[in-house]
J.: 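Could you have a look at this structure, given as structure tokens, before my questions?
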Protein chains: 2
Amino acid sequence: MGAFCYPFIYGQADPTLFDHQNWRQCALRALGKRDFPALTSDYYERDDPLLIEQILRTILPRRGIAAREGEVLLTLGAQNALWIAGSVLLGPGQRAVVENPGYPGWRAILETSGARVLPVDVDAEGLPPERLPPADVVFATASHQCPTNATMPVERRVALLQAAEREGFVIVEDDYEFEMSFLKPAAPALKSLDREGRVIYAGSFSKSIFPGLRLGYLVGPPSFIAEARALRAMVLRHPPGHLQRTVAYFLALGHYDALINRMRLAFRRRRQVMVEAIAAEGLEIAGQGGVGGSSFWMRAAEGVDTEALALTLREKSVLIEPGRAFFDPSSAVPNHYRLAYSSISPSRIPEGSRGSRRYTWRGTRRFR
Amino acid sequence: MGAFCYPFIYGQADPTLFDHQNWRQCALRALGKRDFPALTSDYYERDDPLLIEQILRTILPRRGIAAREGEVLLTLGAQNALWIAGSVLLGPGQRAVVENPGYPGWRAILETSGARVLPVDVDAEGLPPERLPPADVVFATASHQCPTNATMPVERRVALLQAAEREGFVIVEDDYEFEMSFLKPAAPALKSLDREGRVIYAGSFSKSIFPGLRLGYLVGPPSFIAEARALRAMVLRHPPGHLQRTVAYFLALGHYDALINRMRLAFRRRRQVMVEAIAAEGLEIAGQGGVGGSSFWMRAAEGVDTEALALTLREKSVLIEPGRAFFDPSSAVPNHYRLAYSSISPSRIPEGSRGSRRYTWRGTRRFR
């Protein structure tokens, strides 16, 4: 397999897709003397008005969300947005529904808050509203369920929101891969259907620009945003001003849209190569989603422990993500894993996939 | 007084001192393709090795601190460093000594943590070790007490550390203005005397580069740093990679030292102008420190409420910081305020000071 690395994991930007030149231009402009006073000051009462304007005028409307200035707060990425939301909404003993399998970062936040974690199994359409126990907060990844990639149909979104209104819970909607809907137009966010202020929406630029950027946002009712802002000020003051302004320029000048389009095209191609490689190697897809995304949720043969598998493959420079961490500990099955295609170049996909089979399925029964 | 603003407050960088050109060069270099993979990835298990190296090799040794890689964690500025330290060290019911008057941001952190806040009055040498009640954590701003600017003498530092070893408490040392010692060489940090790992040291680049930068660090025993890193990962993952690398270059190429020297010279001049203006207007300095700093702690006449004063002065474009927030609520006196000279140009100091008197002391007795 040579000396290459085959990273079927998240967390790296693809340098062949990124728009270095325009990003540098925007950063330079934001570093200019004209912007200096605004960006080098400590300001945690408000965020960069240019970036807020871009979010209100272009980013949120695409998701069907109409919001005003006091309803948006910038955060240090999606994880920070979720941590702030969890900290404002939940205290010890409160009941929090999590998707099972679901995003491990959110479960870790809940465990630290002392909330009671109530896992609800997802199906091919995401979280089923009719199976929710009484709860204070319900977490949902409606556009691309993490990790199964299921997209929640609109009728289910409406039912979930009606349940929230009827039973009085708050929904935290993590829309981390909204931009990566390249197979079908993305459905409007849950938040777009929210008339009572029952949805807290978390979005991120880190996924679409690059993970190390650490810039995201929360959308919610003004009273929630005010509390979230006070908490953010105590914990970290504010995201660095210069980054806020750089992203504002990157959006305003159209570079963001161009980048997103390039990523969608590339991810569509990679997905096709992945589908073929997965079929050629006889691997089983457990969840792939219908609108796009950047990963496949996979099932290995019964009895395969994908944590051991990941270690074995790592020695062969093939990086996969074991599935156990996505499950509630009481129901974790060991034979799932996730293959992401956001960081790997298409030319390495077939060989990397071959590597998976050659080194790990040898001796186990072929399946599917 | 014209249309100028007279900002005797913190929180703004001075564009006439800042080294725009070299900062931009460093930012551009960090944005180059060569650095891209390292800086755009999600990496929270480790920080930028170039910046950590600079901190270990130059920043900490100046403070007398010898540390290794696993003893340092980058944070999103000093406030974030203190929040992380408070969250790791303290839980409900634990006893935390705070300086009185002291840094309000730390008291806010303690109140949220549920710790018992034990205020101890500072004197002209800072926090008196012989007057500490039994405690789990003691907070100290040894180099420049916030807000009185007192510098703790070395004998008192030794006594404080001996008390910590004898009585088993941990010291959180906030060295937020170490770099601004321009009247005398700065004394080594409390942390430099620490043999048992009893001191958690918090430092910041935001003060010396610019406040909106949001980059600081914690130094402590490896077990503490490991916990702090896990908490940081949950709350915000990591400070943006590109900023880490930009600061690393700014340090490595000597621009940081040049900037610090320029700031020290400028602050020394401003301080002199401030002293003269304060004397000319008959205002009373309650604390000015002996090694430098960037502010004066002031006392107005008995009965003057400096919160009302700040509002009145704001209308005249003179910005001062009322003192009440620095005191424990049970002992707050209303007639203190702080005048910082980090953001105001020397030419405006006399007029701004005149403004203070003209608009506010009229009718109150002259004092001192």
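Values below: every heavy atom of this structure, side chains too, minus hydrogens, waters and symmetry copies. Lettering of chains follows the sequences in order, A, B, ..., and the numbering in each one begins at 1.
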J.: Taking all atoms of both residues into account, what is the closest heavy-atom pair of B:A27 and A:L31, and its distance?
T.: CB-CD1, 3.4 Å
J.: Please state whether the side chain, the backbone, both or neither of B:L243 comes within less than 4.5 Å of a heavy atom of chain A.
T.: side chain
J.: If I measure from the heavy atoms of chain A, does B:T112 come under 4.5 Å with its side chain, its backbone, both, or neither?
T.: side chain
J.: Relative to each other, are the rings of A:F36 and B:H20 parallel, tilted or perpendicular (30° and 60° limits)?
T.: perpendicular
J.: Checking B:Y10 against chain A: side chain, backbone, both or neither under 4.5 Å from a heavy atom?
T.: neither
J.: So do B:M234 and A:I109 actually touch side chain to side chain, heavy atoms under 4.5 Å?
T.: yes
J.: Once rounded to the nearest 0.5 Å, what's the spacing between atom CH2 of A:W83 and atom CZ of B:R237?
T.: 13.5 Å
J.: When rounded to the nearest 0.5 angstrom, what distance separates NE2 in B:H238 from CD in A:Q79?
T.: 11.0 Å
J.: Specify the closest pair of heavy atoms between A:V235 and B:V235, including all atoms of both residues, with the distance to one decimal.
T.: CG1-CG1, 3.9 Å
J.: So, taking the atom named CZ in A:R232 and the one named CG in B:L236, what distance separates them when rounded to the nearest 0.5 Å?
T.: 12.0 Å
J.: Side chain, backbone, both or neither: which part of B:A233 has a non-hydrogen atom closer than 4.5 Å to chain A?
T.: backbone
J.: Could you check if a side-chain atom of B:L28 sits within less than 4.5 angstrom of a side-chain atom of A:R24, using non-hydrogen atoms only?
T.: yes
J.: Out of curiosity, B:F210 CZ to A:H242 NE2, how far, rounded to the nearest 0.5 Å?
T.: 7.5 Å
